[in-house]
Amino acid sequence: MSLRLSRLTRPLILYAFAIGGLLSCSAMVPVHIGGTGDRPVATFGVRADRPERACVEAFTVTREAGETSETLWSVEARRGGCRNVSQIAYAEVPSGFVAQGAAVPLRAGEVYTVRAFGRSRSALSAAPWRWAGEYIFENGQWRGVTPQERARLAH
């Protein structure tokens, strides 16, 4: 009986490792934007009220104008690695990061693109992850901008 159980469990164990390996290659790190109009805060994790640590390589805020993009503030992890952080506040350089220039003041009512990327850390691999979103500060809070709304605001 134990030999039969072994023959059944071996394929299941291999299947579980294969699925785990595939999932580790398609990393996703949720990012939430909150904070004040001049100091947005990016929080990493499934829930904004419960930040989780993410291995971040770079974080950038840009303003898009037609075909051009203006970088307003950007930080990169030192020595080409990634650093574990749970939040990044605009214009505040986290420990282990280097700013790429001074932060440009933000204005309410303008659309900003926020991008972050890094590596997920698991026992089997360090898969890359990327995230981007467009945001606007209105009525005292940051909110996401839909592609349809972005097209309307651009005209």
Side-chain angles (χ1 to χ4, degrees), residues 15-154:
Y15 178 75
F17 275 114
I19 293 298
L22 289 174
L23 291 176
S24 68
C25 291
S26 57
M28 186 175 126
V29 175
V31 181
H32 307 275
I33 304 296
T36 62
D38 61 341
R39 188 178 168 270
V41 177
T43 302
F44 301 94
V46 175
R47 291 180 44 185
D49 62 338
R50 299 182 93 172
E52 300 172 27
R53 296 181 73 71
C55 195
V56 178
E57 294 178 11
F59 181 87
T60 305
V61 177
T62 60
R63 179 175 33 226
E64 313 294 323
E67 296 294 316
T68 63
S69 175
E70 175 188 9
T71 299
L72 305 177
W73 187 67
S74 180
V75 292
E76 294 180 1
R78 289 192 175 133
R79 292 181 223 106
C82 67
R83 301 289 179 266
N84 286 315
V85 294
S86 57
Q87 294 182 324
I88 296 180
Y90 186 78
E92 293 182 21
V93 181
S95 177
F97 286 79
V98 176
Q100 307 298 314
V104 175
L106 303 178
R107 294 190 298 255
E110 289 198 27
V111 176
Y112 298 100
T113 302
V114 181
R115 293 181 178 88
F117 69 90
R119 298 210 166 266
S120 67
R121 297 291 172 128
S122 73
L124 300 175
S125 69
W129 61 267
R130 294 188 180 281
W131 173 88
E134 292 189 311
Y135 292 85
I136 189 169
F137 189 79
E138 289 183 328
N139 302 318
Q141 67 182 7
W142 287 97
R143 66 171 183 80
V145 175
T146 65
Q148 297 81 7
E149 185 179 20
R150 178 68 166 129
R152 185 177 46 81
L153 291 169

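Atom CG of L72 is separated from atom CD of E110 by 8.5 Å, given to the nearest 0.5 angstrom. Atoms OG1 and CZ, on T146 and R152 in that order, are 7.5 Å from each other to the nearest 0.5 Å. Atom CZ of R78 and atom OG of S95 lie 7.0 Å apart (nearest 0.5 Å). Between E92 atom CD and Q87 atom CD the span is 10.0 Å, to the nearest 0.5 Å. Expressed to the nearest 0.5 Å, how far CH2 of W129 lies from SG of C82 amounts to 9.0 Å.
A132 and R115 get closest at one heavy-atom pair: CB-CG, 3.8 Å. Here the shortest heavy-atom pairing between P40 and G37 reads CD-O, 4.2 Å. Annotation for F59 and A42: closest pair CE1-CB, 3.5 Å, computed over non-hydrogen atoms. Between F97 and V56 the shortest heavy-atom distance is CZ-O, 3.5 Å. Between V75 and A99, the shortest heavy-atom contact is CG1-CA, 4.0 Å.
When side chains are defined from C-beta on, V98 does not count as touching E76, because their heavy atoms never get closer than 4.5 Å. For the pair P51 and T43, the minimum side-chain heavy-atom distance is below 4.5 Å. When side chains are defined from C-beta on, V114 does not count as touching T60, because their heavy atoms never get closer than 4.5 Å. Residues V145 and Y112 have side chains not in contact (no heavy-atom distance under 4.5 Å, counting atoms from C-beta outward).
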Step by step, would you call T62 with E64 a side-chain hydrogen bond (donor to acceptor under 3.5 Å, both in side chains)?
CA-CA 6 Å; T62 60; E64 313 294 323; 2.7 Å; yes
Is there a side-chain contact (heavy atoms from CB on, under 4.5 Å) between Y135 and T113 once you walk through the steps?
CA-CA 6 Å; Y135 292 85; T113 302; over 6 Å; no
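Within the 3.5 Å criterion, the main-chain N or O of N84 finds a donor-acceptor partner in the side chain of R53. Checking side-chain atoms of R63 against main-chain N and O of L106 turns up no donor-acceptor pair under 3.5 Å. Put simply, the side chain of H32 gets close to the backbone of V46: a donor and an acceptor are under 3.5 Å apart.
Ion pairing between a basic and an acidic side chain is recognised when a charged N comes within 4.0 Å of a carboxylate O; R143 and E134 show no such pairing.
W73 and Y90 have their aromatic ring centers within a separation under 6.0 angstrom. In summary, the aromatic rings of F137 and W142 are positioned with their centroids under 6.0 Å apart.
Of the candidates R130, R119, R83, E57 forms a salt bridge (Lys or Arg N to Asp or Glu O under 4.0 Å) with just one, namely R119.
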